[in-house]
Enquirer: 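Please find one structure pasted underneath; my questions will follow.
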2 protein chains.
Amino acid sequence: MTMSKPEQRRKAPTIHDVAREAGVSRGTVSRVLNGGHYVSPSAREAVDSAIRRTGYVVNRHARSLITGRSDSVGFLLTEPQERFFEDPNFNVLLRGCTQALAAHDIPLLLMIAGTEDERRRITRYITAGHVDGVLLVSSHSGDPLAARLREAGVPLVACGKPLGQASKVAYVAADDRDGARDMVRHLLSLGRRTVGMVTGPLDTPGGTERLAGYREVLAEAGMAADDRLVVSGDYSRASGEAGAAELLGRVPDMDALFVASDLMAQGAVAALQRAGRRVPEDIAVGGFDDSSAALGAHPELTTIRQPWDRISAEMVRVLLAQIGGEDPAAVILPTELVRRGSA
Amino acid sequence: MTMSKPEQRRKAPTIHDVAREAGVSRGTVSRVLNGGHYVSPSAREAVDSAIRRTGYVVNRHARSLITGRSDSVGFLLTEPQERFFEDPNFNVLLRGCTQALAAHDIPLLLMIAGTEDERRRITRYITAGHVDGVLLVSSHSGDPLAARLREAGVPLVACGKPLGQASKVAYVAADDRDGARDMVRHLLSLGRRTVGMVTGPLDTPGGTERLAGYREVLAEAGMAADDRLVVSGDYSRASGEAGAAELLGRVPDMDALFVASDLMAQGAVAALQRAGRRVPEDIAVGGFDDSSAALGAHPELTTIRQPWDRISAEMVRVLLAQIGGEDPAAVILPTELVRRGSA
DNA sequence: CTGAAAGCGCTTACAG
DNA sequence: CTGAAAGCGCTTACAG
């Protein structure tokens with residue numbers, strides 16, 4: 001009559017077992033669990049030891065039921081999924097947020113809102129209080145979800161400045177404009193004089209700000225703005241290829257190209273090489289992100305590093321602060337030029 | 001005296017409000033919520049309507065407290081993180097699992113166990129019952145986490161066959177060996193005669209099975225096994241580059257190369273080209289995965305498609321079945337040859 | 001500093 | 001089919 005199955009999940013010890021073991025009341029155990037205020041050193045010690053002996057782990061459901069908090073956070077993706085999941089930045093951000101939350105013992109719930117149906121379901125889930133706050137990844141403006149969640153009073157922090165929003169949404173972003181300036185200055189410092197650009201989507205901050213930085217530096221340098229040198233992409237590799245080919249057709253003597261993401265730049269390099277141009281000899285190419293795509297290009301990309309580790313850490317910090325009652329805040333982080341083979 | 005802040009989170013309606021509104025008892029509302037058994041049509045209708053009017057959403061914490069289930073699932077990554085987050089397959093798998101679970105209204109908790117500390121914390125969290133089951137992504141054998149969770153009786157399904165485990169672990173995998181056979185046959189059908197291979201890590205099923213398939217086909221074709229033609233990688237792009245360079249040094253007249261992942265194959269193509277070889281004219285290259293890395297290579301990779309959509313859907317199905325009391329099951333899914341420019 | 005007690009919002013036998 | 005009641009495991013005023 002031995003058990004042949006894997007060990008049954010035994011009934012877990014409760015606060016009651018710990019209290020009995022420690023010779024105190026359940027209230028005292030709870031106080032120890034919640035910061036140890038108003039507990040004598042001896043009681044605290046007895047409880048700590050009883051917790052170790054019993055292997056007690058708090059039942060989060062019971063706790064949440066009474067506190068009204070879930071002690072969990074949602075990571076919400078509202079971009080059309082294909083693009084984001086193709087984007088190497090996404091992984092870094094997701095990992096960073098997961099680990100920053102883990103340090104606070106807070107689980108991350110991954111939510112993907114691609115369709116209107118999913119948006120509805122997720123909105124209901126979130127506003128029902130199943131998460132305490134939301135890390136929002138959605139670079140496009142006019143996202144209805146952000147507005148709905150704001151109205152419902154859900155603590156929220158966006159990755160990148162939400163363009164269309166009332167200014168009250170907290171966000172964390174790299175300094176896109178400054179990064180773009182650094183890259184274009186670098187291209188000019190190489191002696192290049194005809195600098196094209198493939199932008200990101202112009203309804204995103206990365207799209208408009210990086211373009212603005214590009215224009216500022218050209219203006220500083222006394223170069224006339226030339227719209228033929230600018231084309232828009234959508235952050236996909238394919239749009240980088242198409243954009244570079246288009247520009248080459250318009251301005252064959254272009255000798256430098258600033259591409260607003262590494263993945264697009266990877267595509268751009270391939271298109272330029274296919275057209276017989278050598279990178280960087282004939283045309284220097286600068287990317288943006290310093291994502292893994294920068295190493296997948298040949299030559300490897302000179303690019304602008306976005307500090308994703310810090311971005312994710314700050315997103316979590318700002319969100320937890322809001323959950324704790326502080327006001328929304330905006331955080332802008334500096335970028336850095338990374339030189340490799342392409343420019 | 002108007003409110004200037006975003007709308008306060010009002011107190012959510014409870015089952016009690018619904019009962020009052022519908023003119024029934026709380027027990028009846030609960031029965032409607034849990035499948036509607038033993039409820040008269042009229043009562044059910046009254047409850048449904050009351051739920052709509054009040055905007056009631058069940059409080060999952062209260063439910064979980066009594067049912068003992070969390071109605072959530074963990075997605076656990078135990079690979080050293082760098083490699084996985086570099087792997088484009090990961091995104092597809094994670095998205096697929098999230099969406100398959102969402103269809104059941106079950107949230108996915110993302111867990112990353114890179115260090116021993118994290119492993120301990122996560123084990124405690126899971127065995128405390130905070131998730132009902134675990135989707136495990138860990139290609140290496142001898143992962144202590146899988147064993148610990150099995151012993152604790154936690155429903156579990158692995159992505160890929162767990163090599164070192166007792167046979168009792170459920171898993172879902174593509175048919176690695178068969179896919180490798182298809183690729184090598186394809187290379188031979190092109191008239192190539194000196195076929196090298198860069199394998200995956202040999203403590204993973206993808207590593208050993210794809211190598212076994214390669215050897216089988218060469219043996220079938222009556223070709224002598226030649227260890228100089230085989231080198232091991234670790235699924236990183238860099239290891240693909242190094243592997244291809246190494247093989248070229250050993251066997252300069254190699255005219256085909258099978259690489260056990262697209263990301264490694266991307267690196268291999270770059271290394272071959274750097275060595276002055278044309279792909280596919282001088283040397284045909286076949287990858288494995290049909291991940292986004294296949295499109296990032298130039299030429300684009302001929303590869304073996306792993307059916308990630310089906311893999312993730314099956315992982316979720318098998319896990320939910322286990323949570324529902326069924327025995328662990330293994331599912332093997334067929335692969336498919338995808339022809340592109342590299343072979 | 002500590003204990004006894006109320007209560008969070010549900011589900012589920014138990015009677016009827 | 002339905003209601004009244006117990007109870008899941010916690011936290012938090014309230015007295016002392």
Side-chain angles (χ1 to χ4, degrees), chain A residues 9-48 50-51 54-72 105 124-125 127-132, chain B residues 9-48 50-51 54-72 105 124-125 127-132:
Chain A
R9 276 167 112 147
R10 322 193 176 94
K11 210 155 163 328
T14 73
I15 206 174
H16 188 209
D17 301 314
V18 175
R20 185 161 21 78
E21 187 82 11
V24 300
S25 72
R26 289 161 31 237
T28 297
V29 175
S30 180
R31 276 176 220 113
V32 171
L33 254 26
N34 291 281
H37 303 303
Y38 306 105
V39 180
S40 65
S42 66
R44 166 207 275 279
E45 203 164 301
V47 169
D48 281 341
I51 287 176
T54 56
Y56 171 78
V57 179
V58 67
N59 180 319
R60 289 174 175 239
H61 303 303
R63 171 181 284 174
S64 292
L65 181 55
I66 190 157
T67 62
R69 283 177 285 110
S70 72
D71 293 323
S72 69
D105 208 26
R124 207 181 318 121
Y125 187 90
T127 54
H130 292 319
V131 294
D132 294 336
Chain B
R9 277 167 110 148
R10 320 193 179 94
K11 209 156 163 326
T14 72
I15 206 174
H16 189 211
D17 302 313
V18 175
R20 185 160 22 76
E21 187 82 11
V24 300
S25 74
R26 295 171 12 244
T28 297
V29 175
S30 179
R31 276 176 220 114
V32 171
L33 255 27
N34 291 282
H37 303 303
Y38 306 106
V39 181
S40 66
S42 67
R44 166 207 277 279
E45 204 165 300
V47 169
D48 281 341
I51 287 176
T54 55
Y56 171 77
V57 178
V58 67
N59 180 319
R60 288 175 174 237
H61 302 304
R63 172 180 284 174
S64 291
L65 180 55
I66 191 157
T67 62
R69 283 176 285 112
S70 72
D71 294 321
S72 68
D105 209 26
R124 207 182 316 120
Y125 187 90
T127 54
H130 293 318
V131 292
D132 294 336

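Please read all numbers here as calculations on a predicted model, not as lab measurements. Side chains are part of it too, since the values below use all heavy atoms of this structure and drop only hydrogens, waters and symmetry mates. The chains referred to below are lettered A, B, ... by the order of the sequence lines, with proteins before strands, and numbering in each begins at 1.
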Enquirer: Can you list the residues that meet the side chain to side chain donor-acceptor pair (under 3.5 Å) rule with S25(B), with sequence neighbours excluded?
Expert: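 Testing S25(B) for side chain to side chain donor-acceptor pair (under 3.5 Å), a comparison that skips the adjacent residues, returns T28(B).
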Enquirer: On a heavy-atom basis, which atom in A50(A) and which in V18(A) lie closest, and how many Å separate them?
Expert: CB-O, 3.7 Å
Enquirer: Sequence neighbours excluded, which residues qualify as side chain to side chain donor-acceptor pair (under 3.5 Å) partners of S70(B)?
Expert: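 S72(B), D132(B).
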Enquirer: Test: salt bridge (charged side-chain N to carboxylate O under 4.0 Å, His left out). Region: residues 17-32 of chain B. Which pairs qualify, not counting sequence neighbours?
Expert: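 Sorted pair list: D17(B)-R20(B), E21(B)-R53(B).
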Enquirer: I'd like a table of donor-acceptor pairs (distance under 3.5 Å, sequence neighbours excluded) in which one partner is a side-chain atom from residues 36-44 of chain A, with atom names and distances.
Expert:
from: S40(A); atom 1: OG; to: S42(A); atom 2: OG; distance (Å): 3.4
from: S40(A); atom 1: OG; to: A43(A); atom 2: N; distance (Å): 3.2

Enquirer: For T54(A), what residues pass the side chain to side chain donor-acceptor pair (under 3.5 Å) criterion, not counting sequence neighbours?
Expert: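 Partners of T54(A) under the side chain to side chain donor-acceptor pair (under 3.5 Å) test: none.
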Enquirer: Got a sec, which residues hit ring-ring contact (aromatic ring centres under 6.0 Å, His included) with Y56(B), two or more places apart in sequence or on another chain?
Expert: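 Listed in chain order: nothing, the list is empty.
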Enquirer: Tell me which pairs pass side chain to side chain donor-acceptor pair (under 3.5 Å) where either residue lies in residues 58-69 of chain B, with sequence neighbours left out.
Expert: R60(B)-D105(B), R69(B)-D71(B)
Enquirer: Starting from Watson-Crick (N1-N3 plus N6-O4 or O6-N4) and G-U wobble pairs under 3.5 Å, report the runs of at least three that DNA chain D belongs to.
Expert: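 Detected stem regions: C:1-3 with D:14-16, C:5-12 with D:5-12, C:14-16 with D:1-3.
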Enquirer: Counting only side-chain nitrogens and oxygens, does S40(A) get under 4.0 Å of the OP1 or OP2 atom of dC1(C)?
Expert: no
Enquirer: Treating primed atoms plus P, OP1 and OP2 as sugar-phosphate and everything else as base, which nucleotides of nucleotides 6-16 of chain C get B, S or - for protein heavy atoms under 4.0 Å?
Expert: -BBBBBBB---
